[in-house]
Every structure is written in C-alpha cells, then in structure tokens.
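Keep in mind the model is a prediction, meaning the values are calculated, not measured. Here is the naming used below: chain letters follow the sequence lines, and residue numbers restart at 1 for every chain. All heavy atoms count here, side chains included; hydrogens, waters and symmetry mates do not.
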Amino acid sequence: MSQYYTATDHFVLVPAIMLALFGCAILLFDFWVFPEPKQRKWLLAFLALGEAFAGYGLWQQHTYIAGQGIAELTAFQGSLVVDGFSLFFNWMFIAAASIVALMSYRYLEVEGEHHGEYYSLILLAQCGMYFLASGADLITLFVGLELMALCFYIMVGFLRSDKRSNEAAMKYLLLGGFSSGFLAYGFSLLYGLSGSTKLSEIGVAIARRDPADPVLLLAMVTTTVGLLFKISAVPFHMWAPDAYEGAPTTVTAYLSVGSKAASIAFLLRIFLGPLASARAAWEPLLVFAAIASLTVGNLAAISQHNIKRLLAYSSISHAGYMLLGLVAGNETGIKGVAVYVLVYTFTNLGVFLVIVALRREGLVGDNIDDLAGLMHKSPGYALLMLICLLSLAGIPPTAGFIGKYYIFLSLIQAGRYVLAAAAALYVAVAIYYYFRIVRSMFMSDAEDAGAMETTFGVRVAAALTGLGTLGIGIFPEPFLRFAGQSLIR
Amino acid sequence: MNFLELIWLIPLFPLFGAATMLLVGRKLDPQAASEVAVAPGVEPAAAGSGHEHGHGGGAKFLISLFCPGMVLLSFLLSAAAVFQLSSLPEKTHQVIQFTWLAGQPFHMAGGGMATFAADWGFLLDPLSSVMILVVTGIGFLIHVYSIGYMAHDGGYYRFFGYLNLFVFFMLMLVLANNYALLFVGWEGVGLCSYLLIGFYFHKKSAGDAGKKAFIVNRIGDAGFLMGMLLMLATVGSVRFVDVNQALTSGRFHPEIAGFGVLSAMALLLFIGATGKSAQVPLYVWLPDAMEGPTPVSALIHAATMVTAGVYMVARSNALFALTPETSLIVAVVGAFTAILAASIALVQNDIKRVLAYSTVSQLGFMFMAAGVGAYWVAIFHLFTHAFFKALLFLGSGSVIHAMSGEQDMRGMGGLKDKIPVTFRTMFIGSVAIAGIPGLAGFFSKDEILWQVFSSPLGSKSVYVVGIVTAAMTAFYMWRLMFMTFYGASRADARTQAHVHESPKTMTVPLMTLAAGSVLAGWIGVPKLWSVFPEGFRTFEHWLEPVFEASAARAVAHGVAHHDTSIEWLLMGLSVAIAVAGILTARHLYLIRPGLPDAIRKASGPLYDTLLNKWYVDELYDFLFVNGLSKGGGALLSRFDASVVDGGVNGAGWMTRFTSRVSIWWDTWIIDGGIRLASFLVKCSSYPVRIFQTGYVQSYALVFVAGVAGFLLYFGMR
C-alpha cells in the first residue's frame, strides 16, 4: 500500500480531499438533512467548514515547506507538487470561492434557483483548480482542468428557466470541448516527443530537440491555443462575452476570477516548465495574443451597455496584461503576473458583488443604467464600485496600480519599450468605459427609488473585497513578498 | 513639540474630513434627502440673501464648522512645521513612514544595478513648504467662502466631502518625497477635479466637461508615467533626493545639442505637466471645467491643482537644467499658450470663461519662467497668482450670486455701488493682475519678463510675446471690470431688483485675499529697487537651496550682464503697457461703448476666430474626438458657408453655378464624408460585432482561424 500511497502523498492531497469530500457530502445529504429552504443557510456554514479544513491542510503544507526550507515537495512520483507557486494560487482560490459563496445566497433565492448542488459545484470546481495549481503531470493537469470546466458548464447554465443562461452554457460547453480537443492533441504530441507525461521530463526532452522541429511547433501551437482559450485571450475569446452575460452573476464572478486564475497558473506551469526552452517560438504568439486582447477587449468594451458584457471584454484586456508579464519573462514580470492575478481577484469580485447586490425582484441590475444614482441610494456600494473600477483602470492608490506597475516595469526592464507604450496607452482607453459606469453612479439620478436588499454575507464579502483592493494598494509589501515566493524555479 | 516629524499628519486631516462626509454626511444633511429633487438650473440656486445658514439647521452648521476646520488644522500644522524648518541649517526634512513599493535589484539601461524602492514618505523643503501653505491657506479661505456660496444647493455634504478629498490629494502631491507617491496625488486631484466639475450632474454639459477634463488629463498622465519609468530605468530611483543627487553628480552629461535619454525623460514629464497645467496642446479642458461650482474653479482650476505641473517641473529642475533644448521647448510652449489664451480672453463674454483663459495664460507665464531657468520666479508667480486669481474667481462668484446666476457680462453693468465689497476687492485683484507697481502681480510678472529678457537661456522674441500678452492681460481684465461694474445696468428689472451683496462668509475671504493680493509681492522685491533691504527679497533666498542644481548650471552658461538702465527701461515699459491696456479698455467699454461693435464688424473673421477660441476644440473634435464625424461635418459646412456663399454674394452670374457646386458638394463630399466617417467609427469601435454574431459556429470559425494563423506564422517563417 505505502508504495502507492505514502504519507507524503496524503499530505499533499489533503486540501483536495477535503474539497471533494465536502463537495460530495453537500450533494448527498442536502436533500434529507436540510429539506426546508430556510435551512439552506447551513450549507453556507458547511461550505465554510470545508474551506476551513482545506485551508488548514494548506497551512500545514505552508509551514512544513517554510520550516524545512525546501523549495518543493513532490508526491505521486512527481505528479503533484507543493511549492510556493501552488500555495499562492490555492490561497487565492480559497478566498475567491468563499467570497463567491457569501454573495450567492441571496442572489440565488431571488433567482428562484437556490439548490444545494450549487455549493458542491463551487467546491468541486475549486478541487479542479487545486490540481491545476499543483499538477506537474499532463494527465493530472488535464483531469483537473476538465473537473473545473465541467463544474463551470453546469454552473453557467444553472438558471434552468432562463434562456440566456442555457444558451451560454451550451456555447461554453461546445467551445470548451473544442479547445480541450486541441489541448489534448498538443499533450499527446508532447508525450510522443518525450515519452513521458511528467513536466520535468518533457522539459528535458524538448530542450534536446531542434527548436524548429515541425512536430514540436505543432505541439506547441495546439497547447498554446488550448491554454489561451481558457484565459479568454484573443482570438480564442469569443465564448467569454456570451458566457459572462448569460451565466448567473455570481457564477460570472467565479468564472472571471477562479477559472481565470487557475488557467493562468496552468499556463505559467506549462510555459515556464516544459516549454521554457522553446521561448523563441512561443513568444511571438503570446505577443500577438496579448496585443490583440488589449485591442479587442478595450475597443469592444466601449460600445457595451450590458455591464456583464463590458466586464467580459475588460477581462479579455486584463488577460492581455497578464500575458505581457509572461512575455517580459524576467523575475519582475512573473512576479507581476502573480500580483496582477491576486489584485484582479479581489477587484473583480468587488465589481461583481455590487452587481449581485443590485439584483432584486424586478431588477436585473446588469445594465449600466441600473447603476444610475447609486451614490444617492447606497453610497457604501457606490464607493466600493468606485474603488474597484479605479483599481481595474490601474489608478493609484488602489491595488490595480501595483499590478499594472509591475507589468510595465518588467517590460521596461526587458527593453520592450514599444509594448510598454502600447499597454500604457490602452490604460487611457480603458478609463473611458470604466468611467462611464462611475458617471452613471455619481452623476445621474436614480431611475427607481428601490433600496438595495443585502444580507450579512454580502456585506462581509463587500468589506473583504474593498479591503483587499485598497489594502494591497496601500500596503503592497507583504503581498509582493508573498507573490515573490511563488516564482517557479 | 517637533512639528517637523508630524508633517505626515497634514494631509490626514482633510482625508478624515472627506471620509466622514462621504460615509456619514448623508445622514447629517437634512437636504440630502431632497437633493435629487433640487435641480439647480442656474448655478447657485438663486434664493434670497441674508439667511446664511438658513433652513439647513444644526447639521449643516456642523458641516460648515467641520470641513473648513479640518483644512484650518492642516494650515496651522503646516505653518508651525514651516516655521521650524526655517530655523534648520539644512532646510529639508524627510519623514519616511514605510516602504510602499519595493522591488528586486535590476539592470539599468546604462548598465549597473539598482534596487527600486518608493517610500510612503514626505519631504518638507522650501519648495513644498510654499506649496502646502498656499494649498491649505487659500484652501481654507475657499472652504469658508463655500459655506455661503453653496448654502442653497443640494448635496452640501457631498461638496465639502469632495473638496476635503481634493485638499488631501493635493497635499499628497506636494509633500511626496518621490515621483511615484506624487503620482498618487496627481491622479487623485484629477479624480476630485472630475467629480467636482460634474457636481451639477443634472446638466449634461457639466458631466461632459468632467469627462473631457479627465480624458485629456489621462493623455498627459501617460506621458508622466512613462517619464517616471524611464527615469527609473536610467537613474535607478524615483526619490527626489536620489534623482537630484545622481543628476548633479556628473554621471550624466548635459545634452547641450541633440536629443538623448534625459531630454526624452524631461519631455515626457513636461507632457504630463501640459495636461495638468492646461498648456498647449492639452489646455482645452480647463475652460470647460468652469461648469463646476465657482469655489471649485477658484481652488482647483486657478490656485492649486493646475499649478501642479509648474511645481513638478520646478521639482525636476536638476533634470531640466541638463537639457537646455527641452527647457527651450518649455519656454516656447509657455509663451505660445500665454498669448493664445490671452487673445481668446479678449473677446469672451462669459465672466468665468475670461478668468479661465486668463488662468491658462498666467500658467503660460509660469512655464515661460521655468523654461528660462528662473524657477524661483515661476514659483513666485504661482504664489502671487494664487491670491489674485482666487480673489477674482471668488469675486466673480459673488457677482454671479448677486445677478441670480447670470454669467454673461453683456447682461451686467453698473454693479459698482450695489455690491461695494465685491467691487472693491475685485478692483484690487484686477489692478494686481494687470501689473501696476505695488501690488502682487507686478512683482512676479515683471520679474518673469526681466528673466526672459536677461537670462542666458531666455530670448528676446519670447520677451516680446510676453510683453504683448501682458498688455492683453490688462485689457481683458479691465474690459471685464468695466462691463461688469461700470456704466448702466443691462440686466432685466427682476434681476436688478434682486441684486444684493453676498453674506459675510463670502466677503470676509474676499477681503483677506485682497489683502494678500496687495502684500504677497513684497517678499520678492526686484534687486533693482536697492532702497529696500534684503528682507524684502526673502522669497528668492528661501527657495535658493532647492534650485541650487539648476542655478549652478546657469552659472556655467555664463551670466550675461545687463545695464541697470535697461532694466529700469523695461520695467517702465511693462508698467506703461499695463496702463495703456487699462486705458484702452476704459475707452472702448466706458467712454465710447459703440466702438467695440464697430471694431468687431471691421475685423470680421478675426473676431469670430477669437470668439470661437481659434476653433481648437473643433479641430480636436475633428481630429480625435468624433473620429471625423461631428467636427468634420462642422468644419466642412463652415467651409461651405464662407467659401461657397462668398461666391454667391460676390458675383451674380456665378450664383447658379456655385449653387450647383454646392449641391454636388453637399451630396457627395459632405454627406458622403459623414457617412464614410460614421462607417469608420463603427468599424473601429464595433469590430467585434462582425464576428460576435451569437452563432457558436462562427465562434468556432474564429477559433480555427486563430489556430490557422498561428500555424501559418511558423509555416511562412
């Protein structure tokens, strides 16, 4: 037994086990333990318990690694790895999933689709993310990706009676399957080239090959395509606006931060691991994808009236910034990507939280005009929205500035002045559409006088995202150090 | 008590005020509930005079005490700290609270390693002490004024909250000890300016003006950010002290001829300054910013925020000293802005717009001084200008208040005896800005003109532009005075019956500022007036340590010697030209009021060009804003009107021919052009729509096209 499942294996797997266990438990016991709709709030407590157990496991890993002074801890013959990188991302997933769960409760009640499965899907998707951040083997990574993606397909279509939600789920499923096909093809070629599914061994094999080898290039292109799809980079972004718009807003929030962060982790693992030696080949592709994402994302966002769609395009442009950090490739750049993802997680959750809080009987709240006069109705949420939008636009002293700053700095240090200038110019474009929302909130009258109905959970989530966005901006140092430890060596 | 260690507290008072107002102010202000219902069609909602704290009740009174009180606390603390600073031998004091941003060591552009760090730190030196005293001192007076001015407006708490927030960011800007933290304040004041310009959000023009200000400023900000990053890559630090030390250490050679990395850095920073300080080509937002409440125009768009660019250039004087070519650009842009804005101000009829263009013009003067290396004079003019321009704006606010919201000077006149306090204080302000000896404006402006003339970096042609602008300044200011206060009233009877002097909260700040406009100049008396002891030249000596670096370079240039008789002559000339400007205005608008119309008719298109602000807004609309759609149409139809119609009137036989041409022109060029332009706009801002059809098949098609493109890239390589 022990040679297949050692104590180390178990230690590394604990957080994932906890997530899966609690996820399945909610699925199994929801019906007969909490039959009354009112009792569903216990599910939230149950989910919090699951996150706490997962967090405890993660904390033990954290202290063990720090205590032993080792860079990484591998398990399952090198299929899973715990290092600063995986810990950084997994902490972020815990934060994201918890905040999303907090804001979901009332929203789903208003939508009339409040079911226990929702919470188990959050946990199971997070379990998939765990494997994306910790996986060091093609199979493990692929299974993790599919676990996460399948949960999201269901969650995007969670509003069964809403046509848009169903349509979005179907589109996302079809295109997601399409891209997974490419990814699987790329993975099979990588396996064929190296005879192994372990990232480290693939890296050694690829470094030995001729960089212009057509099979290698084909493997690289198909893998890249699959990864770019997941982070919704142009030209593989087409699913994002429809999926973001149609999905329940809380799911959009989770999709935009959780799925994106996990996919960035996956992408960094692949590009800085096995494909690191082929940098000359993939760099132009990423430069193209980054600039195209910035262009399409920012320009298309200008003409949107639906705020979820606008944020989808904004999210596409943010993917462009993240890619630029990878393009710069120096230490500042990689650290910049990690910081950017962290910042983006809190900020975007804050923005979506305000939209979620707006939702009530008779008001969808996803149109820019629905935000009109928010400053007069509930100044607290208007301020949260303002802070988060400033952060998305990259204006100090909010966190977004720190993220953009490191990306620009890395580009300048790498001597990529043209890219830095282009990226800086798109910040100016982005101001335009973010401030359309601000203008609507602060400078127009409310169209309806209905007050916002919020719950304790939503308020807690609002405080968390607001503090995160401002806190990282004003005291970035601990977060920067944390991100610095996450570098893949 | 050591106030110098407490300078980090200075910005925190107004921040506390702003946070309180924006978080709980709504509950305090009884009017807030009905705020949405109050629609101020005219700017200060015209209501009767006398009841200063009228119906607002105790809560409003509390806000009126609290917010100005916070700024007053900042002012007192600043004054105490500056007083202690003056007794230090070093005259600089840094308080670094913690490292705000820190990075790994990296290779700089020129080789060598540097570690990037930006502090959350504050620097009090002679330059920043002048700035904080202006910001908190004048800021406090304007807060007091606002108590009376905004008494009848909805959103009282919101206004004071934004105003306090502005003061906080402005203090961060001037107290920061590095460029990165300065940038925090820089962006923050932009945000507050945006919020306050759009304060009357019911007016569409107010919202548009706010947006315009913000977007134009962002163009400048991009320059600033890139300049800062370039500085980091070249010098290895963004802390003022380190940068100055590196630049003066001899590690960098002055770029006397040609354009190197230092010039690029200086130019990028200057682009940032042109945005914030409304210089050509980014000045267009400031006149529109007058949509905001008048106290905002006085505080943000005259006395403080717009001078941030001048402050930043002065702060970077060591850099500009190494790049004389860039300095020349600064001087030329300043001179060009000064004369362009002054020429527009000559014919404007809106009282606030005249003052807005005057501000742009005076900022041009400051850049002129900075460009020729006379940084202390630039700051001196900033200092005196803050007094008299704030006074003039607040005075104009008092006039507008008295006239029930009327801003057009053609509807005023004869207010001299009806609102005597406003008249007398504005009289002092106008004398001061015109440059009559003895008042603040004379000392600083004359010093600028002299420096432009005599400095080795200066030039005679820039001097000529300066002196012409000075004449225009005297003329347009006194045109404003004569149209507003003298002659017979042109207002309708109802407005006339309503004219009243403003409450005490408004007139006391006016009188204080008027006293400042008289006295502020006396700390910078020209060297020529040797009767006065050195004590009267405190300002220059106080700032000397800050501008040591640039002064040393100027000495290296060799100081040109001029005869004192030339200086006397030029001083006489500038006084004469100021008097001439005032007398011309008097002749045209008081003695022979019919003459301006005759001149307008005679000058024709020139007058219209000035009235329409040289069509710069239209040009920008045409080039950038509407992507050829709106502005293009306007320009083309104007061409149509003047060229084509001119032909029609000029020669009868050509009528039919030209009308046919005109129709052809309309149909094919104008309509066609507009259609083409709107098509282009759609193409650029809706590019995705073409593919974002909603059909999943077309999504997959784009996906495959992307893959094919990637593969093709390698195939072609």
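The shortest heavy-atom contact between Met228(B) and Tyr405(A) is CE-CE1, 4.0 Å. When all heavy atoms of Val702(B) and Pro235(A) are compared, the closest pair comes out as CG1-O, 3.6 Å. Closest approach of Arg439(A) to Lys211(B), counting heavy atoms only: NH1-NZ, 3.4 Å. Scanning both residues, Phe703(B) and Phe236(A), for their nearest heavy atoms gives O-CE2, 3.4 Å.
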* Given side-chain contact (heavy atoms from CB on, under 4.5 Å), test Leu390(A) with Leu191(B) step by step and report yes or no. => CA-CA 10 Å; Leu390(A) 287 178; Leu191(B) 170 70; 4.0 Å; yes
* To do: Decide yes or no on side-chain contact (heavy atoms from CB on, under 4.5 Å) for Trp100(B) and Phe475(A), but give the supporting numbers first.
  => CA-CA 6 Å; Trp100(B) 174 46; Phe475(A) 301 103; over 6 Å; no
* **Stepwise side-chain contact (heavy atoms from CB on, under 4.5 Å) check, Val696(B) with Trp239(A)** => CA-CA 8 Å; Val696(B) 76; Trp239(A) 60 277; over 6 Å; no
* Residues Tyr194(B), Val438(A); criterion side-chain contact (heavy atoms from CB on, under 4.5 Å); working and verdict -> CA-CA 11 Å; Tyr194(B) 165 78; Val438(A) 174; 4.1 Å; yes
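Taking the six-membered ring for Trp and thresholds of 30 and 60 degrees, Phe183(B) and Phe401(A) have ring planes inclined between 30 and 60 degrees apart.
In terms of heavy-atom pairs under 4.5 Å with chain A, the best-connected choice from Phe710(B), Trp120(B), Phe199(B) is Phe710(B). Looking only at heavy-atom pairs under 4.5 Å with chain B, the residue among Asn330(A), Ile431(A), Ile402(A), Leu217(A) that has the most is Ile431(A). The candidate with the highest count of non-hydrogen atom pairs below 4.5 Å against chain B, out of Gly415(A), Ala424(A), Ala292(A), Pro241(A), is Pro241(A). In terms of heavy-atom pairs under 4.5 Å with chain B, the best-connected choice from Gly473(A), Gly380(A), Pro396(A), Pro214(A) is Pro396(A).
Within a 6.0 Å radius of CZ in Phe482(A), other residues, nucleotides and ligands contribute more than 12 heavy atoms. Counting heavy-atom neighbours within 6.0 Å of Tyr185(A) OH, excluding the residue itself, gives a total of 12 or less.
For a residue to count as touching a neighbouring chain, one of its non-hydrogen atoms must lie under 4.5 Å from one of that chain's; by this rule Met170(A) does not touch chain B. Residue contact with chain B, scored on non-hydrogen atoms closer than 4.5 Å, involves the side chain of Leu480(A) exclusively. Proximity to chain A is limited to the side chain of Leu232(B), based on heavy atoms less than 4.5 angstrom apart. Heavy atoms of Leu181(B) lying under 4.5 Å from chain A are absent altogether. Both the backbone and the side chain of Ser179(A) come within contact range of chain B, judged by heavy atoms closer than 4.5 Å. In this structure, chain B has no heavy atom under 4.5 Å from any part of Ala382(A). Only the side chain of Phe98(B) comes within less than 4.5 Å of a heavy atom in chain A; its backbone stays farther off.
The aromatic ring centroids of Phe288(A) and Tyr713(B) lie 6.0 Å or more from each other. Ring centers of Phe178(A) and Tyr699(B): at least 6.0 Å apart, outside the cut-off.
With values rounded to the nearest 0.5 angstrom, Gln697(B) atom CD is found 9.5 Å from Lys171(A) atom NZ. Note that the CE atom of Met226(B) and the OH atom of Tyr417(A) stand 11.0 Å from one another [nearest 0.5 Å]. How far CG of Leu229(B) is from CZ of Phe408(A): 8.0 Å, rounded to the nearest 0.5 Å.
Within the 4.5 Å cutoff, the side chain of Phe435(A) has no heavy atoms near those of the Ile215(B) side chain. For the pair Phe714(B)/Leu285(A), a side-chain contact is recorded, criterion being any heavy-atom separation below 4.5 Å from C-beta on. Between Arg218(B) and Val429(A) there is no side-chain heavy-atom pair separated by less than 4.5 Å.
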